[in-house]
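Written out below as structure tokens is the structure these notes cover.
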2 protein chains.
Amino acid sequence: MTIVIMFQGKSDVSLREKKKIETRNKIFEVSGRLFKEKGIENTTVDEIVKEAGIGKGTFFNYFPSKTSLLLYFAQQKEELTFSQIKNEALKTVSTREKIKNVLVFVAKTNELDKELTKIFVFEYMRHYGSSLDKRKSHGLSNILYSLIEDGIKKEDVKSTIDAKKAAQIISAIYFHSLVEWLWSKIDYSFSDDISGKIDIVFDGIAEGRT
Amino acid sequence: MTIVIMFQGKSDVSLREKKKIETRNKIFEVSGRLFKEKGIENTTVDEIVKEAGIGKGTFFNYFPSKTSLLLYFAQQKEELTFSQIKNEALKTVSTREKIKNVLVFVAKTNELDKELTKIFVFEYMRHYGSSLDKRKSHGLSNILYSLIEDGIKKEDVKSTIDAKKAAQIISAIYFHSLVEWLWSKIDYSFSDDISGKIDIVFDGIAEGRT
DNA sequence: TTTTAAATATGACTGCGGTCATAAATGACT
DNA sequence: AGTCATTTATGACCGCAGTCATATTTAAAA
């Protein structure tokens, strides 16, 4: 008896839980469709809740802001990209090439859907530092960090380098170059640009020896 | 006769011109005060126009958005900083030290008023790519660019370096490090951080020779 | 001075993100 | 089944940036 009651009470598939998941999914489904159809800026929360058949307040029970919903989509995409990186992009030998591969791979992902990337980067910038957590941006930084540490062990990266600083430098360059490229009027290959910059960082810009 | 009429018509000190300048200044004065008193986010356009004694529509005749007013303030501050740089920060010999000096100088300016910097950087990020011109962010980039070109001529920077790319790299690092520092929980010297990173870029991170 | 054209001012209004007091649904317990 | 506590849903409402049709002011022409 007690056991049965406890089971029902604590169960993950209680009616409440089911409905929550259902509503959540409905919001994802509808908003995803509307964002694609008419762009993020032009999709209002009122439209989403109308199409999803829920009240406006309900939306904000699930997502504290419209942006938090956006960031969910961005995160999804990022996680997918990173899982692919780990499997595919690290087949070369030198650290320099590995890092290039990682960045070019991410770059190519972005090149595929420039407009979408623009929207996400924009939303990300708009809200950096305002409440939302930073795990996101550190995915790339972490990957770079371990690559550089490996490089130090393998002795194709100077042992005197602060791996953390170096990783920050490279992700700074990546992010900055991405933004420049996204809003540039002239068209050029982002992959080439980033690749050239990595070479500069690896070789250094100072004349002579240290 | 004709001459007199033309003179009045084309004069810069016509009644119209006078009133325009007056209104513009009034907006600057009031908004500047309110921003300091209660923060940018908490100051509404309605408040500004009320205190300035003008209609709301008038405000938007002078500034297309609240942000454009913000950017005016940011630009003012930046121009002041840059004029100081040119006079004071370039007294060293090596290109590396010159660049460090420039960045550390700007960094120190930011360290003086962390909260204000935060607000401006935040506003800048929030609105990058949305209509407003980019001259702003390129002030630093341009200074770095000429320093690097000088360095190439003076032969303490590799002649093979693409000066434009190098300038972009350094300003990327500067901006990224600034953002990290501004929103970091732990307290550290921004100047030291940026200085160390410049060394890495100058010396390169690759082991061995190129 | 009077008329006409152009620039400028204005505030009611709109659209949208987000809040909150209240209502409905659900689960635990008897 | 009935009662009570807790979770979830809801939409009227709010604050604020930005718009627009209309009114006012200034300059030029007659």
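This one's a predicted model, so the numbers in the text were calculated from it and none came from an experiment. Every chain is numbered from 1 and lettered A, B, ... according to where its sequence line falls, protein lines coming before strand lines.
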Open item on the list: Which heavy atom of A:I161 sits nearest to which heavy atom of B:G204, and what is that distance?
Closed with: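 A:I161 and B:G204 have their closest heavy atoms at CD1-O, 4.0 Å.
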
TODO: Taking only the side-chain heavy atoms of A:N61 (C-beta and beyond), determine which of D:dT10, C:dG17, C:dT26 contains the nearest atom.
DONE: D:dT10

- [ ] Please tell me which of the listed nucleotides, C:dA9, D:dT19, C:dG27, lies nearest to the side chain of A:R16?
- [x] C:dG27

Please state how far atom [atom1] in [X] lies from atom [atom2] in [N], giving the value in whole angstrom units.
X: B:I21; N: C:dT8; atom1: CD1; atom2: P; answer: 12 Å
X: A:K20; N: C:dG27; atom1: NZ; atom2: P; answer: 12 Å
X: B:K50; N: D:dC16; atom1: NZ; atom2: P; answer: 12 Å
X: B:L34; N: D:dC16; atom1: CG; atom2: P; answer: 13 Å
X: B:K19; N: D:dT26; atom1: NZ; atom2: P; answer: 4 Å
X: B:I48; N: C:dA9; atom1: CD1; atom2: P; answer: 16 Å
X: B:F60; N: D:dC16; atom1: CZ; atom2: P; answer: 13 Å
X: A:L15; N: C:dA24; atom1: CG; atom2: P; answer: 18 Å

Keeping the roles fixed (side chain from [X], backbone from [Y]), state whether a donor-acceptor pair exists under 3.5 Å.
X: B:K158; Y: A:D203; answer: yes
X: B:K66; Y: B:I40; answer: yes
X: A:W181; Y: A:Y188; answer: yes
X: B:T43; Y: B:G39; answer: yes
X: A:T44; Y: A:E47; answer: yes

Open item on the list: Using only modelled atom types and a 3.5 angstrom limit, is any donor from either the side chain of B:K56 or the base of D:dA17 paired with an acceptor on the other?
Closed with: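 Present.
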
- [ ] Considering just the side-chain nitrogens and oxygens of A:Y62, establish if one lies under 4.0 Å of OP1 or OP2 belonging to D:dT8.
- [x]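 For D:dT8, OP1/OP2 do not have a side-chain N/O of A:Y62 under 4.0 Å.
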
TODO: Examine D:dA17: is either OP1 or OP2 under 4.0 Å from a nitrogen or oxygen in the side chain of B:S65? Give yes or no.
DONE: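 For D:dA17, neither OP1 nor OP2 has a side-chain N or O of B:S65 closer than 4.0 Å.
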
Once you apply a heavy-atom cut-off of 4.0 Å, does [X] come out as touching a base, just sugar-phosphate, or nothing?
X: A:T44; result: sugar-phosphate
X: A:F63; result: nothing
X: B:K66; result: sugar-phosphate

Task: Residue mapping more 5' on DNA chain C - nearest nucleotide basis, A:G57 or A:T43 - done: A:T43

TODO: Please work out whether the ring planes of B:F73 and B:F35 are parallel, tilted or perpendicular, with thresholds of 30° and 60°.
DONE: perpendicular

TODO: For the helix from C:dT1-D:dA30 to C:dT30-D:dA1, measure the angle between the helix axis at one end and the axis at the other, each built from five pairs, rounding to 10°.
DONE: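 One end's axis against the other's: 10°.
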
